[in-house]
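Every heavy atom of this structure was used, including side-chain atoms; hydrogens, water molecules and symmetry mates were not. We count ligands from 1, going down the list as the structure has it; atoms in each ligand are counted the same way.
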Amino acid sequence: MVYENPDGVRIGLEVHVQLNKLNTKLFCGCSTDYHDSEPNTHVCPVCLGLPGALPVINEKAVEYAMKIGLALGCDIVEQTQFHRKNYYYPDLPKGFQTTQYDFPIAGEGKVVIEGEDGERDIGITRAHMEEDPGRLQHMGSIDKSKGTLINYNRSGMTLIEIVSEPDMRSPKEARRYLDKLRSILDYLDVFNGDLEGAMRVDANVSVFMGERVEVKNISSFKGAERALLYEIMRQKNQIRRGGEITLETRHFDEARGVTLSMRTKETENDYRYFPEPDLMPMRVADRVPAVAATLPELPDAKRNRFLEEYDMTDMHAKALTSDQDIADFYEAVAQNENIDSKDAAVWVADIFKGEWNYRDLAIHGRTNDPVTPPYSWVKLSGANRKDPTITSSIGSDDLIYIIGSVNNGEISDNSGIEVIRIILDEGGSANEVIDAKGLRKVEDDIVATAVSETIAENEAAVQDYLGGAEKSLNFLVGQVMKKTKGRADARQARELLVAALKS
Ligand SMILES: [Zn+2]
């Protein structure tokens, strides 16, 4: 099936990723750990842009930027350079933003997404480094705001701006691109996507090959999808009424779900870019091999390996590799000798992940970091965003115990799911929860179940026995013993079988 794209929609995204896992800002030593702090407490003359202050490049930020570029399959430039992008806005008091212009650190690359009609490549135009401006806080909606407050804690944070080609043909494809990008960045461990402002999206969108409109101020992926749906509809309606689409910048009002005209778009000339005289050009090509060696196995590669090494569907492979922590958790479970890898995929991808997502849990670290194969166990813990007073955690050993207990008939499938829920909401280990809640089937039940299953599954032997072949009973007893993994008493099994067959 080929997706026809009847409205000629073209979407390109500019994603600003804040490298909040760096300890210090891009050009000064201020701490990046400001998210829970009072406004304007993580600042210095450099990130406030005071006259005469001199920037010093954060080496680690350069390394992270190269990692991102390499993970997106981009060419890393020989020598990169910073420029001044001149504009005045109160969030940037020095009057220019230090950014990259004609020598961005990373050039063309691509991201593979699940498109409307199968896998497709979304081109990456470039990825460059720049400083984050401060944060304006409008008091109310932007067009009716009574006043604006400024917080410079964010000013000078390292941003990577990842610019895509206008290759996406629907809001859904845009959402998939964003999800994939976030997954790759999570793997690289360069940012914490749960922190406010960690990923911000500007979109360029056009219909019927017309003029493109830029939509700014999109702060969530869900918001991106909504903003694009609205903007595509607005452009189509305008054209239908005989109007024209003009090159402009619009603001997405998240609360109202609409885009509002901000200003006619500046052109590059308006910014009067010129090389930043306080920062020397930087030769980065020599560092590529060393940085490349630090790249982890990325989502696409991991997915392919899972399909090769374990018995699972493509859908499960995708679900299990979109997040590195979940992938590690799965491998810790699947590598247990008593667990079937397909079983583990169903339990982790369908059941466990469902319960995890239902609680909107955010993974914040594994306790036995760094995890390397072979996995003994992995513990996931997460903040419950629906109820911040709860921190949930569960170990791969718990899930192994649960799956094992279901497989040998000690607990039912439903009890297994219930145990996961209780561990996430109330804590405790699988063993404790099963005992405390009395979920274990009593021994007699297990044997009784095995007896009725054996009779149902072995009609020929049953008929033989009823026809007088006593020896068939031994075979049936053997089947019961096998089903209960030897936990039934042979004499008891024989008595139960005889009683059941006579009734
Ligand atoms: Zn500073």
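Here the two rings, on F352 and F329, have centers that are under 6.0 Å apart. Outside the 6.0 Å centre-distance limit, the rings of Y271 and F96 are not counted as a close aromatic pair.
Scored by the side-chain contact (heavy atoms from CB on, under 4.5 Å) test, A292 finds L70 as partners (sequence neighbours excluded).
Distance alone, capped at 3.5 Å, is enough to place a donor-acceptor pair between the R359 side chain and the E355 backbone. Formation of a donor-acceptor pair under 3.5 Å by the D91 side chain with backbone atoms of P133 is not found in this model.
Of the charged side-chain nitrogens involved, none lies within less than 4.0 Å of a carboxylate oxygen, so that R176 and E119 do not count as a salt-bridged pair.
Listed by chain and number, the protein atoms of type N/O/S under 2.8 Å from the Zn ion (ligand 1) are C28 SG, C30 SG, C44 SG, C47 SG; waters are omitted.
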